[in-house]
Amino acid sequence: MLKTIKQLAELIEGTVLGDETLSISGVASLENAKTQDIVFVENNKFLTQALTSKASALVLSKKISLNEATEKAIILVDYPKLAFAKIIREFFPIIKPTTTIHPTAIIEENVQLALDTSIGAYSVIRENTRIGKNSSVGVHCTIGQGVEIGEDSIIHSNVTIYDQVKIKDRVIIHSGTVIGSDGFGYVFHQGQYHKFPQVGDVVIENDVEIGSNVSIDRGALGSTIIGQGTKIDNLVQIAHNVKIGKNCVLAAQVGVSGSSVIEDNVIVGGQVGIADHVKLETGSIIGAQAGIPTGKIIRRGLTVWGTPARPIQDFKHIYAHTQSLPTLKERVIKIEEQLSQLSKNNQNNQNNQNNQNDET
Amino acid sequence: MLKTIKQLAELIEGTVLGDETLSISGVASLENAKTQDIVFVENNKFLTQALTSKASALVLSKKISLNEATEKAIILVDYPKLAFAKIIREFFPIIKPTTTIHPTAIIEENVQLALDTSIGAYSVIRENTRIGKNSSVGVHCTIGQGVEIGEDSIIHSNVTIYDQVKIKDRVIIHSGTVIGSDGFGYVFHQGQYHKFPQVGDVVIENDVEIGSNVSIDRGALGSTIIGQGTKIDNLVQIAHNVKIGKNCVLAAQVGVSGSSVIEDNVIVGGQVGIADHVKLETGSIIGAQAGIPTGKIIRRGLTVWGTPARPIQDFKHIYAHTQSLPTLKERVIKIEEQLSQLSKNNQNNQNNQNNQNDET
Amino acid sequence: MLKTIKQLAELIEGTVLGDETLSISGVASLENAKTQDIVFVENNKFLTQALTSKASALVLSKKISLNEATEKAIILVDYPKLAFAKIIREFFPIIKPTTTIHPTAIIEENVQLALDTSIGAYSVIRENTRIGKNSSVGVHCTIGQGVEIGEDSIIHSNVTIYDQVKIKDRVIIHSGTVIGSDGFGYVFHQGQYHKFPQVGDVVIENDVEIGSNVSIDRGALGSTIIGQGTKIDNLVQIAHNVKIGKNCVLAAQVGVSGSSVIEDNVIVGGQVGIADHVKLETGSIIGAQAGIPTGKIIRRGLTVWGTPARPIQDFKHIYAHTQSLPTLKERVIKIEEQLSQLSKNNQNNQNNQNNQNDET
C-alpha cells in the first residue's frame, strides 16, 4: 500500500515541507526506518537521528526548529505522536473479524447478541448474557451467565469472564485475562480458613484497556470498579472491591489489595504493591516497586517511592544519605579518637594546672 | 427472596433483639446497604456507621455494647463474620452445574468419572484420569493423563492440569491457573542451559483454594505439595518441589522458589519473594514485598519485613533511623565544628598556660 | 522398567565402581530415594547423605574423593547432573503425541503443516500460518494468522499466539502463556490516553523455553526478540520492543519494560523489575527483587542488588551499616554529651585560669 505525503498530511491536518507527491510505503521507528518509510520526531533530541535515518519522510513537531536543509519530506503538526498513531492505522487498519458467529461457538439460552457481533471458534456464551453491537469475542473465550458487554468492545481469544460481570463500550481485553473470579476472603475460625462468599460483581467502564494474564476479582459484597479510560498492563492483580477512577495507568505486575481506592489520573509504576484500604488521591504517582501499607492515604498529586513509600524527594535524599553511611561512620570514629585525645590532653592540662596551682 | 429475622437467627443460632418478623431481602456492606438489607459488625469501631446506615438489620458481636436505642433488628452471635457468611450463602446459594457431561467434552479412554460429576463444554479429560463424585470441571479445561481429582472439588473454566497431578477433596481452582508445568531446572554446561527433566508431580491436599492465573510447577524428582486448608491468591508462583503445610495463606503475586518449605499456619503477604531452599517455620508471618534469601530459616512465629527480611521491629527501627539520617549527619557536622573550635581553644589555653609557665 | 548399572554407565560414558550387573528401577532425589533407585551427587557436601540413603547406586563426580567403602554401585563422570539428566530421560522418555491433527482442531485456509506435526483437540490454527516438522501444539491453543513455528517445537495446551509471531526451532512454551499481545503504548492528549497502535511482532529464537502464564508483548513498530537458548520462568512480563540476547535466564515474575535490552548470558533473579530503555550488558547478574531505573546501564559482568540497584558489595556494605545505625546514633549522642562536658570543663578551666591569672 502506497500513500502520498499529501494524503498523509491531509489525514493528520499537517503542513508539508518538501515534495508532497512522494510515495510512502510504511511506518517505522528511527532505528529500523528504510527508504519510503515515514517516522516521527517529538523533540530536538532525536532530530539528527531522524534526518540521518533512511526514512523518506518525517512527522515533526511544529516546535522543532529545523536549521539544516533536508531532502526528506516533512509534515509539521502540533502533536506528532498522536498524528503518527493515525498514520500507523492508515497502514495497519484494524481488521474487524468477519461478523459471524462461528458454528462451533456455543450460545446458551436467552443470550442477546446485537448486530455485527462476532464470536470466535469454540467460545461459550452462557445464558442471560448480552453483547452490544459491533463487539467481538475471540476464540476459546468463556463468557459467564448474566454478563453484559457493551458496544465496540474487543475481547481477545482465551479470556474468561465469570458470571454477572459488566463491561461497557470500547473496552479491550487481552488473552489470558480473568475477570470476576472470587476475591481472597476468608474467616479464620478455630484454626481454619472458612470461605467468605464472594457475591459482588465487576464493572469495567468505557474505553478501558486490560492487558494479558490480568486477574480482576469480583466484589465480596458490592462491586470492583475500573473507571473510564483507565489502562491496565499485563499480569496485574486487582482484588475484591477495589475502585479505580478515570484515566489511570497501572503498569505491569502491579497488585492492588482489597477495598483500596485509586482516584482519577493516578499513575502506578510496574510491580507496585498496594495493600488493602489504601487511597491514592487524584494525580498521585507511585514509583515502580513501591509498597503502600494498609490504610495509607497518598495525597493529591504526590509522587512517592520505596517500601513503605515516602515522598520521592525524601526517598532520594535518604537513599543518598545511606550511600554515604560508611563515610559518616568513619567521621564518627575519627571524632571519637579526637575526643579521646582531647580529653586526655585536658586531663593533662588539668593536672598541670593543679600541679602549678600546688606550686604557686 | 425474602427471609425473616427469625429464620436468619435460627440459621446462625443467634439471639434476636427487636422485630423478629421483619423481612430481609439481601446482604450488603455498610457503605452500600439499602432498606431490607442485613449487614454485620465485628467491633465497636463500625457500630455507629451500621446504626446510621440504611440497613434494616445487623448481625452483631455479643461483645459489642449497644448503648443507644435503635429501630433496626439485631441478631447477636459470637462470631458475626462467620455467621454472616452463612447468611450470604442463604441468599446466594452455590448453584451446582447441572450434573452432566457436556456433549462437546472429550473424555479419553479409561477415564473414571464418579456419580454427579459435571464436565463443561469443550473440556478435555485425558486418558487414565479419575474424577471423584460431586466434583465439577468448567468450560475449556485441559485435564492431563493420569490425573486424580477427589470429591466435591470445583475446577473453574480454563484451568490447565498437566499429567499425573493429584488434587484431593473440596479443592477450588480458579480460571487461568496452570498446575504441573515443568519446573525451571537446567544444567549449565559449555555455555548453554540443558533442560533437567522435570518428572515429579504435584499434590494438592483437601480444602485448598487456588486463585486465578496461578502457576504451580511439578517436582523435578518427587512432589510439589500444597497442604490441607491452604489458600493461594491470584498470580502466585510455586516452583518445583516446594512443600507448603496446612492452613497457610499466600497473598497475590507471591513467588516461592525451588525446594523451599513453608510449614503450617504461615502468612505470606502480597508480592513476597522467597528464594530457594528457604524454610518458613510454623506461624511465621512475612510482610508484603519482603524478600527471603536462599537457604534462610524464618523461625517459628517470627514476623519479618524487608529485603533481605529482618524481624519487623528491627525493620521499623532501622527505617525510622534512616528517616532521621539527614539530622544525624547534621549533628555530626556540628560536632566536628565544636570539636575543631574546642581543639583550637585548647591549643590557645595550652599556649597561654605555657606562656604563663614561662612567665612564672 | 529395569536398567543395569552397565547400561546406564554406557549411556553416560561413566566408569563403574562396584556391581555393574545391579538392576536399577528408578531415579530419585537424595531425600526420597528407595532401594533400586539411582541418585546423583555433585559435591562432597551431599556425599554422606547419599551414602546413607536407601539408593542402590550413585552418579558421582570424579572430583569427589570417596574414602569409605560402600555396597552401593557408583558411576563416576565429569558432570554428574548432566549425566543424571540423561538417565532420567531413559526412565521417563519424552512421549511424543501421536502425530495427528485432532478431528476437532480447526485448521484455517492456507495453513502449512509439515510432516509429523501434531495438533491437539479444539486448537485453532488461523490462516496463512506455518508449522514445521515434528512440532506439536497442545489442546485449546489459539495460533493466530501468519504465525511461523519451526521444527521440533512444543506448544503446550492453552497457549495463545497472536498474529505474525515467529517461533523458531526446539522452542518449548508452557500453558497459559500469551505471546504477541499489544504493548502498553498510549499517547496522553487532552486528559485521555489514546492507543498507539502496536503493529510490530515477536521473534522467539531457537532453544528458548518459556514457562506458564508468561506475557510477551509484540513490538510497537519493529520486533520484541527473545534470543537463542534463553530460558524464561513463569509469570514473567516482557514488554514491547524488548531485546533479549542468547543464553539468558529470567526467573519467575520478572518484569522487563519497553525497549530494554538484555545482552547475552545475563541472569535475572525472581521478581526483578527492569524499567524502560535499560541495558543489561553481557554477563551481568541482577539479584532477586532488584529494580533497575529507566535508562540505566548495568556494566558487563556486574552483579547488582536493591532498588534502585547498586553493585552487590555496596548493597551489602550499606545494608550492614544501616543495621548498625541505632548503635551509631547512640555513639553520636555519647559524643555530644562528652563534648558538652568537655566544653563545660574547658570553660571552668578557662575561668580557673583567668581567676588564677587574676590572682597572680
Side-chain angles (χ1 to χ4, degrees), chain A residues 27-29 31-32 79 81-82 84-85 88-89 91-92 104 120-122 138-140 156-158 172 174-176 207 209 211-213 229 231 233-235 247 249 251-253 265 269-271 288-289 306 319 322-323 325-326 328-329 332 335-336 339 342-343 346 349-350 353 356-357 360, chain C residues 106 122 124 140 142 144 158 160 162 176-178 181-182 184 186-187 189 191-197 199 213-215 217 220-222 235 237 239 241 253 255 257 271 273 275 289 291 293 307-308 310 314 317-318 321-322 324-325 328 331-332 335 338-339 342 345-346 349 352-353 356 360:
Chain A
V27 289
S29 62
E31 307 88 57
N32 299 323
Y79 304 103
K81 192 170 181 185
L82 196 68
F84 198 70
I88 297 175
R89 273 284 166 255
F91 285 98
F92 294 87
T104 60
Y122 294 128
V139 170
H140 291 133
H156 283 274
S157 295
N158 197 27
I172 301 173
H174 285 278
S175 299
D207 300 302
E209 181 162 4
S212 65
N213 288 327
K231 311 298 181 185
D233 202 352
N234 304 334
L235 291 159
N247 299 315
V249 167
Q253 296 176 317
N265 299 108
Q271 296 185 335
Q289 291 189 326
Y319 184 84
T322 56
Q323 193 74 13
L325 251 181
L328 188 68
K329 192 172 175 184
V332 169
I335 288 171
E336 287 171 337
L339 204 56
L342 209 59
S343 201
N346 264 26
N349 280 358
Q350 188 63 40
Q353 215 174 333
Q356 242 181 279
N357 289 352
T360 51
Chain C
I106 297 179
Y122 294 128
V124 176
H140 290 134
T142 304
N158 198 28
T160 308
Y162 279 59
T177 284
V178 176
S181 41
D182 284 356
F184 199 60
Y186 303 94
V187 189
H189 183 67
Q192 291 179 5
Y193 291 92
H194 301 264
K195 190 170 175 71
F196 190 82
V199 301
N213 287 326
V214 168
S215 292
D217 283 347
L221 301 161
L235 292 159
Q237 147 74 359
N241 296 95
Q253 296 175 319
S257 303
Q271 295 185 335
Q289 289 189 326
T307 299
R310 357 184 194 209
D314 289 14
H317 196 49
I318 305 287
H321 271 88
T322 56
S324 65
L325 251 180
L328 188 69
R331 285 163 73 173
V332 168
I335 288 170
Q338 287 183 307
L339 204 55
L342 209 58
N345 289 353
N346 264 26
N349 279 0
N352 281 347
Q353 214 175 333
Q356 241 180 276
T360 50

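Worth knowing before you read on, the calculation uses all heavy atoms, side chains too, and leaves out hydrogens, waters and symmetry mates. Chain A is the first sequence line, chain B the second, and so forth, proteins listed ahead of strands; every chain is numbered from 1.
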Should [X] and [Y] count as side-chain neighbours, where that means a heavy-atom distance under 4.5 Å?
{"X": "T160(C)", "Y": "V139(A)", "answer": "no"}
{"X": "Q237(C)", "Y": "D233(A)", "answer": "yes"}
{"X": "Y122(A)", "Y": "V124(C)", "answer": "yes"}
{"X": "F92(A)", "Y": "P197(C)", "answer": "no"}
{"X": "V249(A)", "Y": "Y186(C)", "answer": "no"}
{"X": "F196(C)", "Y": "I88(A)", "answer": "yes"}
{"X": "L339(C)", "Y": "I335(A)", "answer": "no"}

Using non-hydrogen atoms and a 4.5 Å limit, figure out which bit of [X] sits close to chain A: side chain, backbone, both or neither.
{"X": "H317(C)", "answer": "side chain"}
{"X": "H189(C)", "answer": "side chain"}
{"X": "D182(C)", "answer": "both"}
{"X": "S257(C)", "answer": "neither"}

When you measure from the side chain of N247(A) to the backbone of G191(C), do you find a donor-acceptor pair of N or O atoms at a distance under 3.5 Å?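 Confirmed, N247(A) side chain pairs with G191(C) backbone.
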What's the spacing between [X] [atom1] and [Y] [atom2] if we round to 0.5 Å?
{"X": "T104(A)", "Y": "I106(C)", "atom1": "OG1", "atom2": "CD1", "answer": "4.0 Å"}
{"X": "L325(A)", "Y": "I318(C)", "atom1": "CG", "atom2": "CD1", "answer": "6.5 Å"}
{"X": "L235(C)", "Y": "Q253(A)", "atom1": "CG", "atom2": "CD", "answer": "8.0 Å"}
{"X": "Q271(C)", "Y": "Q289(A)", "atom1": "CD", "atom2": "CD", "answer": "9.0 Å"}
{"X": "K231(A)", "Y": "F184(C)", "atom1": "NZ", "atom2": "CZ", "answer": "8.5 Å"}
{"X": "K195(C)", "Y": "I172(A)", "atom1": "NZ", "atom2": "CD1", "answer": "4.5 Å"}

Could you go step by step and tell me if H174(A) and D217(C) meet the side-chain contact (heavy atoms from CB on, under 4.5 Å) rule? CA-CA 11 Å; H174(A) 285 278; D217(C) 283 347; over 6 Å; no
Just give me the residue among [options] that pairs up with chain C most often, heavy atom to heavy atom, under 4.5 Å.
{"options": "H156(A), H140(A), K81(A), E336(A)", "value": "H140(A)"}
{"options": "K329(A), E31(A), E209(A)", "value": "E209(A)"}
{"options": "A288(A), A251(A), A28(A)", "value": "A28(A)"}

Looking at N213(A) and V214(C), what are the two nearest heavy atoms and their distance?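 It is ND2-O, 3.3 Å.
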Report yes or no: do N158(A) and T142(C) form a side-chain donor-acceptor pair below 3.5 Å?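 Looking only at side-chain atoms, T142(C) and N158(A) do not form any donor-acceptor pair under 3.5 Å.
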Regarding S175(A) and Y162(C), do their side chains bring together a donor and an acceptor under 3.5 Å, going by distance alone?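 A pair is found: one side chain offers a donor N or O, the other an acceptor, under 3.5 Å apart.
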side-chain contact (heavy atoms from CB on, under 4.5 Å) between V332(A) and V332(C), worked out: CA-CA 7 Å; V332(A) 169; V332(C) 168; 3.9 Å; yes
Please flag which part of Y319(A) lies under 4.5 Å from any non-hydrogen atom of chain C: side chain, backbone, both or neither.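 Both parts, heavy atoms under 4.5 Å.
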Part of N265(A) within contact of chain C (heavy atom distance under 4.5 Å):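 Just the side chain, heavy atoms under 4.5 Å.
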Most heavy-atom pairs under 4.5 angstrom with chain A, which of G222(C), G273(C), A239(C)?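 Maximum pair count with chain A is reached by G273(C).
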Going by side-chain hydrogen bond (donor to acceptor under 3.5 Å, both in side chains), name the residues that satisfy it together with Y193(C), two or more places apart in sequence or in a different chain.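 Result, side-chain hydrogen bond (donor to acceptor under 3.5 Å, both in side chains) vs Y193(C): none returned.
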